[in-house]
Amino acid sequence: MILSGKNILVGVTGGIAAYKITYLVRHFIKANANVKVMMTKEAKDFVTPLSLSTLSKNPVFSDFVEGEDELWNNHVELGKWADFICIAPATANTLAKMVSGHSDNFFMATYLSADCPVYIAPAMDLDMYQHPTTHQNIEKLKSYGNIIIPAESGELASGLVGEGRMAEPENILDFIEKDLKKNLMLNGKKVLITAGPTYEAIDPVRFIGNHSSGKMGYAIAEAAAKNGAEVILISGPTALKIEEKGIKVQNVVSAEEMYNAVMQEYKNCDVFISAAAVADYTPTEIAEEKIKKSGNNLQINLKKTKDILLEAGKRKQHQFVVGFALETENEEENALGKLRKKNLNFIVLNSLRDKGAGFATDTNKVKIISEKETQTFNLKSKTAVAQDIIAEISKQLTLEK
Ligand code: CTP
C-alpha cells in the first residue's frame, strides 16, 4: 500500500464538508499512514478537535500556543514532518490566502513553511466555486506546484445543485494514491515473479521438495507493487500471505505447473524475476497408490524438469529478465555462466558460504551481476534486498529508454 508509513498532515478549514474529514482521517489510518491534523479556528465550528485527535491518534494543532500549559506548536517542524499535506475542505477564503501568502494563523504559517507536496480539495457553494476569482486562485495554486483535487457535483449545503462539493473522502484517498503512484519507479510495468519451492510428487502422499521459504520472492513482489508495478506472483507451496494490493497470486505445486503458469503470462510482462527454487528433477512416474514399504532400498527414477528461466531467456523480446543463483563454490564464475546461458539482464547471486544468506533466513547477502559490472551488497533484511533489486531493475530500464 502506497500510503503505508507515510506522514500525512491533514489541514481542515471552516466549511460544512469539514465533518467528512473524520472519514478521510479514518481512511488514511486504515491505509497505515501516520496522520496529524491542523485546523483553523473556523473549522472547529464544523467538526471537533476531539473527534479528529481520537481518530488520528495525535493531538490536533490549531494555534501557535495551546492548552493550559501554553505549549508552543512549531509550525516549521510540523511542515517538515509531513510527506504531504492534504487540505480538505479548502474554502474560498483559504484558497485566496494561500495565493497571497497571507499568514495570519497557524494553518497558513505551516502551509507556507512546508516544502512537501500539497493536495487541495476545494469546497464551497456553487456561485463561489464558479466565480472568476476562485478559478484564478485555483490556477495560480496549481502553477505554484499544488495539486488540486477537483470538487464534485451534487447537492450543496445551500440547496443549490452543481459543482463545488468537496470530493468524497474515498475519492480523495483514491486520487492521492493514484497521483503518488504516477511518480513511482515501476508505474505501469507488469512484473512477473516466481517464488518458493516446487513439490514433485512421488505418490499421492509423498513428494520431493526443498527448503525454500519463498520469503525472497514474496519480498520482491511486495517491493515491486510498492513501486507501482502490477505484479503477478506465481508461488510454489509456502506458508506466506500477501497483504499488498496490486499483487495477483497464482498458486502452483510442481515445476511443470509453474512452467505452464509462467509461459501463460510471460508474453505480456515487462519484467520477469525468477526467484523460485524450482526442482531440477522430478519422478519419471507418479505412483497411483501409496508406495508400500518393502525391501531395504527404494529406487525412484528422476527426469529433468523444464528450465523455466532458460525458456524465458530464449523467448525474450522486450522483457527484462532476472535470475537467481545459489552457489557454494566458484560463485561469480558460475553465476556469470548462468547469466549468459539463460540470456539474463542480471543475476542475483547468494553464496551459501555467507552467514545469514540463503533459504529460510529473514536476511540475505547478495551480489548483482550483469555483463557490465558486479555490485556487492551488505547483509540486509530480505525486504531491503528486494528494494535493492527493484531499484536496480528500474535504473537499468531507465537507461534502456
Ligand atoms: N530455474 C528455473 N527453472 C528450473 C530451474 C531453475 O526457472 N527448472 C531458475 C531459478 O528460479 C533461478 C535460476 O534458474 O533463477 C537458477 O539457475 P540454475 O542453473 O537452475 O541453478 P541451479 O538449479 O542451482 O543449477 P545448478 O544445480 O546447475 O547450479
Side-chain angles (χ1 to χ4, degrees), residues 191-201 207-221 223-224 231-238 240 250-267 269 271-284 302-316 319-354 357-360 364-370 382 385-386 388-390 392-393:
V191 177
L192 178 64
I193 300 166
T194 63
T198 63
Y199 286 177
E200 308 303 317
F207 60 83
I208 302 171
N210 62 61
H211 289 298
S212 167
S213 62
K215 282 179 184 164
M216 195 62 246
Y218 273 62
I220 294 171
V231 178
I232 298 176
L233 175 65
I234 314 260
S235 173
T238 74
L240 301 174
Q250 273 188 47
N251 293 304
V252 295
V253 177
S254 65
E256 181 73 18
E257 280 175 26
M258 190 173 272
Y259 176 90
N260 291 334
V262 168
M263 291 311 147
Q264 190 77 30
E265 302 290 347
Y266 184 70
K267 221 170 135 190
C269 79
V271 178
F272 174 51
I273 307 168
S274 183
V278 189
D280 288 327
Y281 290 91
T282 189
T284 42
L302 303 174
K303 61 177 182 197
K304 237 190 187 161
T305 55
K306 290 178 193 154
D307 191 319
I308 305 168
L309 184 58
L310 182 74
E311 188 57 32
K314 275 187 197 155
R315 296 188 190 188
K316 190 159 129 182
Q319 291 88 349
F320 189 96
V321 181
V322 174
F324 272 75
L326 180 63
E327 305 290 340
T328 54
E329 54 175 359
N330 300 328
E331 289 97 337
E332 285 193 37
E333 197 185 315
N334 287 343
L336 202 57
K338 284 177 189 172
L339 172 94
R340 288 176 184 154
K341 185 173 155 207
K342 301 195 183 189
N343 191 20
L344 310 178
N345 293 78
F346 69 71
I347 191 157
V348 183
L349 166 66
N350 336 237
S351 166
L352 267 190
R353 287 202 286 195
D354 284 324
F359 272 174
N364 209 355
K365 185 171 183 328
V366 302
K367 287 183 181 172
I368 292 185
I369 301 177
S370 64
K382 283 187 172 166
V385 173
D388 288 339
I389 293 169
I390 292 300
E392 184 59 26
I393 294 172

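Indexing begins at 1, ligand by ligand and atom by atom, following the structure's order.
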Please work out which of the three classes, parallel, tilted or perpendicular, describes the rings of Phe207 and Tyr199, given edges at 30° and 60°. parallel

Salt bridge between Lys367 and Glu332, side-chain N to carboxylate O under 4.0 Å? yes

At less than 4.0 angstrom from any atom of ligand 1, which residues have a non-hydrogen atom? List them by chain and residue number. Ser274, Ala276, Val278, Ala279, Asp280, Thr305, Lys306, Asp307, Ile308, Leu309, Gly323, Phe324, Lys338, Lys342

Any chance you could measure Asp307, atom CG, to Lys314, atom NZ, to the nearest 0.5 Å? 8.5 Å

Check whether the side chains of Ser235 and Tyr218 place a donor and an acceptor atom closer than 3.5 Å, and report yes or no. yes

Lys215 and Asn364: side chain donor to acceptor below 3.5 Å: no

Just to verify, what does Phe324 make a ring pair (Phe, Tyr, Trp, His ring centres under 6.0 Å) with, not counting sequence neighbours? none

